[in-house]
Amino acid sequence: MGLITKIKGMVEYKRYLKTLILSTTLALLTLYIAFGLMFFATEGTSLFVINGENRTGPVVLLIFAIFFGIFTVFYESKGKSKSKGKVKSHIKAVFLGTSATFAFIATLGGVKLTLEGELPEINLIISAIAICMIVSTVFLSLLKPSEVS
């Protein structure tokens, strides 16, 4: 086996390994978001209890403000300097900020549910991870740019 064949094999191996790692990470993130939704369904909105008081609303607003700022700067740096472009970048930032805030807060709820030990049985968790890995692998393959022949 030649050196070039070995190098090509290593490149293909790394590509498969990257896809597997990314798919597993997305599956675990999806699973923790689902656990977070389970947490909010059973415990309510008591995620951030500080000194015996529920501070979830202000903390969620702060997290949204951080994500909104990040996405606004991102879109304004990519867009044009016209006022119409700024309005579009703010609308996009609101949408992505809301989505990121939801995913982040739900993931934190899933972590809290895990730490409290109120998870479903292990067979259900393994099945959910498998389904999430399949879905994330399909989405990753759909997001790849197609090769032009």
Side-chain angles (χ1 to χ4, degrees), residues 1-48 56 59-149:
M1 194 184 285
L3 181 64
I4 294 180
T5 309
K6 285 184 181 180
I7 292 173
K8 284 183 181 179
M10 287 177 66
V11 169
E12 290 295 316
Y13 171 74
K14 287 182 182 180
R15 187 176 64 125
Y16 291 130
L17 189 61
K18 278 186 204 177
T19 303
L20 181 65
I21 290 171
L22 189 58
S23 173
T24 305
T25 304
L26 287 173
L28 289 174
L29 179 67
T30 306
L31 188 66
Y32 271 100
I33 289 173
F35 285 161
L37 294 176
M38 288 171 50
F39 174 79
F40 290 128
T42 58
E43 302 289 326
T45 59
S46 61
L47 185 61
F48 299 104
T56 303
V59 173
V60 169
L61 186 61
L62 176 65
I63 292 170
F64 172 74
I66 292 169
F67 280 127
F68 176 73
I70 290 170
F71 289 123
T72 298
V73 169
F74 174 75
Y75 279 116
E76 283 184 353
S77 68
K78 292 189 142 252
K80 301 173 179 94
S81 61
K82 297 178 185 177
S83 63
K84 193 174 186 181
K86 289 187 185 248
V87 172
K88 283 185 180 179
S89 68
H90 281 82
I91 291 171
K92 290 176 184 177
V94 166
F95 175 72
L96 282 178
T98 304
S99 301
T101 302
F102 170 75
F104 186 74
I105 296 298
T107 303
L108 288 179
V111 169
K112 190 167 183 179
L113 185 78
T114 302
L115 293 176
E116 290 177 356
E118 298 179 15
L119 294 176
E121 62 184 51
I122 193 71
N123 293 338
L124 212 113
I125 294 173
I126 292 172
S127 299
I129 289 175
I131 292 169
C132 290
M133 282 182 72
I134 292 168
V135 170
S136 62
T137 304
V138 168
F139 281 137
L140 286 173
S141 68
L142 291 175
L143 288 175
K144 281 184 188 173
S146 61
E147 296 179 17
V148 178
S149 306

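- Using a distance-only test at 3.5 Å, with no hydrogens or angles considered, no donor-acceptor pair links the side chain of Thr107 to the main chain of Tyr32.
- One finds the CG atom of Leu96 at 9.0 Å from the CZ atom of Phe74 (value rounded to the nearest 0.5 Å).
- Taking every heavy atom of both residues into account, Ala106 and Phe40 meet most closely at CA-CE1, 4.0 Å.
- Annotation for Phe71 and Gly97: closest pair CD1-N, 3.7 Å, computed over non-hydrogen atoms.
- Aromatic ring orientation, Phe68 versus His90: tilted (interplanar angle from 30° to 60°).
- Within the 4.5 Å cutoff, no side-chain heavy atoms of Phe139 are placed close to those of Leu26.
- Atoms CG and CD1, from Leu124 and Ile129 in turn, are 10.5 Å apart once rounded to the nearest 0.5 Å.
- Annotation: the span from Ser136 atom OG to Ile131 atom CD1 amounts to 12.0 Å, rounded to 0.5 Å.
- Nearest approach of Ser23 to Met133, heavy atoms of both residues: OG-O, 3.2 Å.
- Leu37 has its side chain within reach of Phe102: a pair of non-hydrogen atoms, C-beta onward, lies under 4.5 Å apart.
- A heavy-atom distance below 4.5 Å is found between the side chains of Glu76 and Thr72.
- A distance of 15.5 Å separates CZ in Phe39 from CD1 in Ile33, rounded to the nearest 0.5 Å.
- Taken from CE in Met38 to OG1 in Thr42, the straight-line distance is 7.0 Å, to the nearest 0.5 Å.
- Side-chain N or O atoms of Ser141 include one that pairs as donor or acceptor with a backbone N or O of Val138 at under 3.5 Å.
- Looking at Phe35 and Ile125, their side chains come closer than 4.5 Å, going by heavy atoms from C-beta outward.
- Nearest heavy-atom pair across Leu140 and Thr19 is CD1-O, 4.2 Å.
- The structure places OG1 of Thr56 at 10.5 Å from CG of Leu108, a figure rounded to the nearest 0.5 Å.
- Residues Leu29 and Thr25 fail the side-chain proximity criterion, which asks for heavy atoms closer than 4.5 Å.
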